[in-house]
Amino acid sequence: MTDISTSDVTGERNPVAEPGPRTAADAVTPALVARLVRGVTAGEQPTLGISRNPFTGEVLAEIPESTVEDVATAFIRARTAQRAWAQRPLGDRARVLLRFHDLLLANQAELLDLIQAETGKARTHAFEEVSVTAVEARHYARAGAGYLRPRRRGGVIPALTQVTEVRQAKGVIGQISPWNYPLALFAGDALPAFMAGNGVVTKPDTQTTLTALRTRELLVEAGLPAELWQIVVGDGPVIGPEVVDRADYVSFTGSTRTGRDVAQRAAARLVGASMELGGKNAMLVLADADLDKAAEGAVRACFSSAGQLCVSIERLFVAREVADDFLARFTARTRALRLGNTLGWGADMGSLVSKRQLDNVLRHVEEAVGNGARVLAGGRARPDVGPLFYEPTILEGVDAASAVCAEETFGPVVSVYRFDGEEEAVAQANSTPYGLNASVWSRDPGHGRRIALRLHAGTVNVNEAYASAYGSVAAPMGGMGDSGVGRRHGSEGILKYTEAQTVAVQRLLPMGPAFGMDDQGYARLMTRALGAMKALRLK
Ligand code: NAD
């Protein structure tokens with residue numbers, strides 16, 4: 001196999017950003033770790049999990065792990081707190097979310113440090129987490145009561161049957177979240193659950209527990225009862241199923257492989273679940289696109305959080321007539337991206353999070369190059385910057401047998417394909433079992449929208465990469481096909497945490513024969529009434 005992990009493939013190396021003012025060790029002090037880990041539901045002398053700073057590979061923190069019994073305790077505590085919380089007026093709950101919004105912005109520097117230290121992402125990508133979480137807090141605080149309010153529905157007998165649909169909290173939500181967006185996914189999926197009156201038990205990834213714990217502290221400072229949000233930590237296959245087995249609803253974000261197991265387990269218990277899973281997202285640069293804007297957008301689309309973003313673009317389809325011009329712009333921008341390995345602003349891309357991620361990226365690129373793909377930018381690890389750095393990489397000429405063609409890489413690697421007509425582009429974009437996010441570039445927004453409607457993806461951004469759809473939290477976000485079941489954001493993102501209950505009050509006449517009428521007479525009366533209701537165009 002070709003060794004391209006350290007060789008100089010394109011002849012140019014991505015520059016390294018000026019070091020930020022602080023390192024992970026400056027920000028994540030032993031005192032901070034000692035305070036935060038008290039927020040884990042764990043026994044007196046727990047076993048310890050380890051998180052490492054991806055920039056250096058050094059141990060960042062030892063995290064107490066929960067036992068199976070601790071998970072049971074977490075659910076008991078959350079359940080007790082939930083009963084009182086569900087009685088609190090919606091206005092009270094909304095105020096907690098709005099105070100959290102302000103605390104999030106006020107404490108952002110500390111959160112950005114923690115996110116960078118735990119994930120190795122650039123600060124600008126960590127900031128996306130702060131901003132979208134603030135948007136989610138504001139949205140569910142302001143719109144939550146509207147989503148949840150009781151609704152009058154037409155009764156079976158107009159005027160005589162008065163029907164109200166109400167929304168009851170599910171109880172305690174079991175949330176399992178990944179390491180890649182430890183603030184945004186962790187808080188973003190829990191906030192609507194709280195607004196709807198639930199408790200939550202969350203299992204974050206051990207690697208990013210500190211960000212989760214600090215976020216929870218802020219929500220408690222904002223007024224959330226501390227017992228309502230329990231954090232359990234541990235090995236996914238050990239602790240994860242324990243969470244699923246006790247939850248009244250499961251909110252899972254992670255890989256499609258794990259998601260299938262979790263969904264089956266939840267289904268066996270007859271509890272609902274939302275599954276936010278992987279993708280192999282496509283971007284289409286149409287012949288009428290503004291190529292400078294498209295190239296700029298492609299950089300954001302492919303390399304934000306070093307491509308460790310569920311909605312990241314990994315397949316780029318470009319109209320043949322503009323492909324050379326577009327690629328000249330895109331590769332120049334990509335080669336100029338500055339890699340950064342310290343805390344602070346100024347870097348364009350950070351590190352991968354773990355050796356597992358790096359190995360996957362190496363495997364995908366090596367195999368594609370071995371099968372004949374050309375490297376237009378990047379294509380190598382950068383151990384001189386940090387043990388897990390990999391350059392933003394553009395491949396062309398990837399064949400269908402290479403894993404990078406249709407499997408999720410979850411790293412800073414995009415494959416470019418030229419297309420001859422939009423039919424072909426749409427067919428290729430829709431050719432994987434996934435369906436999470438897509439991006440379409442055209443100078444004509446109407447044209448972009450028409451193409452968007454033909455794409456098999458839960459979100460489609462026209463003239464933007466992913467943030468327009470993801471950040472518009474009043475509208476649903478989630479995956480089709482192997483990318484998931486259910487949605488976050490919008491009405492679906494909060495109503496999934498509720499049980500619909502129908503309360504029907506019958507007035508004056510019963511739903512059966514009355515005043516000495518026999519069954520046949522009642523059937524005749526009802527037949528006339530049904531005909532009249534249709535004629536009156538009642539729904
Ligand atoms: P993963 O599936 O390995 O792990 C996700 C979480 O599940 C972790 O907390 C893990 O500990 C836990 N887990 C592992 N095995 C489990 C089991 N048997 N039962 C219950 N829980 C278990 O995923 P990952 O590598 O941490 O995250 C990356 C994946 O997540 C990518 O595929 C990415 O596309 C996806 N993702 C999707 C979205 C989305 O919104 N669709 C968002 C972020 C990430």
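One-based numbering, in listed order, for ligands and for the atoms of each. Computed from a prediction, not measured in an experiment: that's the story for all the values here. Here, residue 1 is the first one in the sequence, and each next residue gets the next number.
Under the 6.0 Å cut-off for aromatic ring centres, His489 and Tyr470 qualify, their centroids lying closer than that. Taking the six-membered ring where the residue is Trp, the centroids of His139 and Tyr147 are separated by under 6.0 Å. Under the 6.0 Å cut-off for aromatic ring centres, Tyr417 and Phe317 qualify, their centroids lying closer than that. Here the two rings, on Trp441 and Phe330, have centers that are 6.0 Å apart or farther.
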Checklist entry - Going through the distances and angles, do Trp229 and Thr202 end up as a side-chain hydrogen bond (donor to acceptor under 3.5 Å, both in side chains)? => result CA-CA 7 Å; Trp229 198 0; Thr202 303; 2.8 Å; yes

Item to check | Working for side chain to side chain contact (heavy atoms under 4.5 Å, CB included), residues Leu352 and Gln308 | outcome: CA-CA 8 Å; Leu352 293 171; Gln308 298 168 119; 3.5 Å; yes

Checklist entry - Phe55 and Leu343: side chain to side chain contact (heavy atoms under 4.5 Å, CB included), yes or no, with the steps? => result CA-CA 9 Å; Phe55 289 143; Leu343 307 189; 4.0 Å; yes

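Scanning all protein heavy atoms for the shortest distance to atom 27 (O) of ligand 1 gives Pro178 CB, 3.5 Å. Closest to atom 6 (C) of ligand 1, if we only count protein heavy atoms, is Ile176 CG2, 3.6 Å. With respect to atom 34 (O) of ligand 1, the closest heavy atom belonging to the protein is Glu408 OE2, 2.6 Å. Looking from atom 36 (N) of ligand 1 to the surrounding protein, the closest heavy atom is Cys310 CB, 3.6 Å. Scanning the protein heavy atoms around atom 13 (N) of ligand 1, the nearest turns out to be Gly236 CA, 3.5 Å. Looking only at protein heavy atoms, the nearest one to atom 28 (C) of ligand 1 is Phe410 CE2, 3.6 Å. The closest protein non-hydrogen atom to atom 25 (O) of ligand 1 is Arg356 NH2, 2.7 Å. In terms of protein heavy-atom proximity, atom 41 (N) of ligand 1 is nearest to Leu277 O, 2.7 Å.
By heavy-atom distance, the residue among Gly188, Gly240, Gly174, Gly234 lying nearest atom 20 (C) of ligand 1 is Gly240. Summarising the contacts of atom 2 (O) of ligand 1 with Ser483, Ser255, Gly458, the nearest heavy atom is found in Ser255. When the heavy-atom distances from atom 43 (C) of ligand 1 to Thr202, Asn180, Asp261, Thr208 are ranked, the shortest goes to Asn180. The option with the heavy atom closest to atom 5 (C) of ligand 1, from among Thr253, Thr256, Asp205, Thr258, is Thr253. For atom 30 (O) of ligand 1, the nearest non-hydrogen atom from the set Ser312, Gly254, Gly279 belongs to Gly254.
Ligand 1 has Leu185 within reach: a non-hydrogen atom of the residue lies less than 4.0 Å from it. Heavy-atom distances between Tyr181 and ligand 1 stay at or above 4.0 Å for every pair. Residue contacts with ligand 1 include Pro237, since one of its heavy atoms falls under 4.0 Å from the ligand. Heavy atoms of Arg488 approach ligand 1 to within less than 4.0 angstrom. Heavy atoms of Arg265 stay at 4.0 angstrom or farther from ligand 1. Distances shorter than 4.0 angstrom occur between a heavy atom of Ser177 and an atom of ligand 1.
A salt bridge is absent between Glu276 and Arg487; no separation between the charged side-chain nitrogens and carboxylate oxygens falls under 4.0 Å. Salt-bridge annotation for Glu58 and Arg52: absent, with no side-chain N of the basic residue lying under 4.0 Å from a carboxylate O of the acidic one.
Thr56 pairs with exactly one of Val59, Leu60, Asn53 by the side chain to side chain contact (heavy atoms under 4.5 Å, CB included) rule, that one being Asn53.
Taking only nitrogen or oxygen atoms, main chain and side chain alike, Trp179 reaches within less than 3.5 Å of ligand 1.
Contacts with ligand 1 closer than 4.0 Å are made by side-chain heavy atoms of Leu436 only, the backbone lying farther away. With a heavy-atom cut-off of 4.0 Å, Leu309 does not touch ligand 1 at all.
Ligand 1 places these atoms under 4.0 Å from at least one heavy atom of Gly278: 32 (O), 34 (O). Proximity to Val262 (heavy-atom distance under 4.0 Å) selects the following atoms of ligand 1: 19 (N), 20 (C).
The NZ atom of Lys121 sits 7.5 Å away from the CG atom of Leu309 when rounded to the nearest 0.5 Å. Taking NZ of Lys280 as the reference point, atom OG of Ser312 lies at 9.5 Å (rounded to 0.5 Å).
For atom 9 (O) of ligand 1, the nearest protein heavy atom is under 4.0 Å away.
When side chains are defined from C-beta on, Glu128 counts as touching Tyr466, because their heavy atoms get closer than 4.5 Å. In this structure the side chain of Thr119 reaches within 4.5 angstrom of the side chain of Pro182, judged on heavy atoms.
Side chains of Thr208 and Glu118: no donor on one and acceptor on the other come within 3.5 Å.
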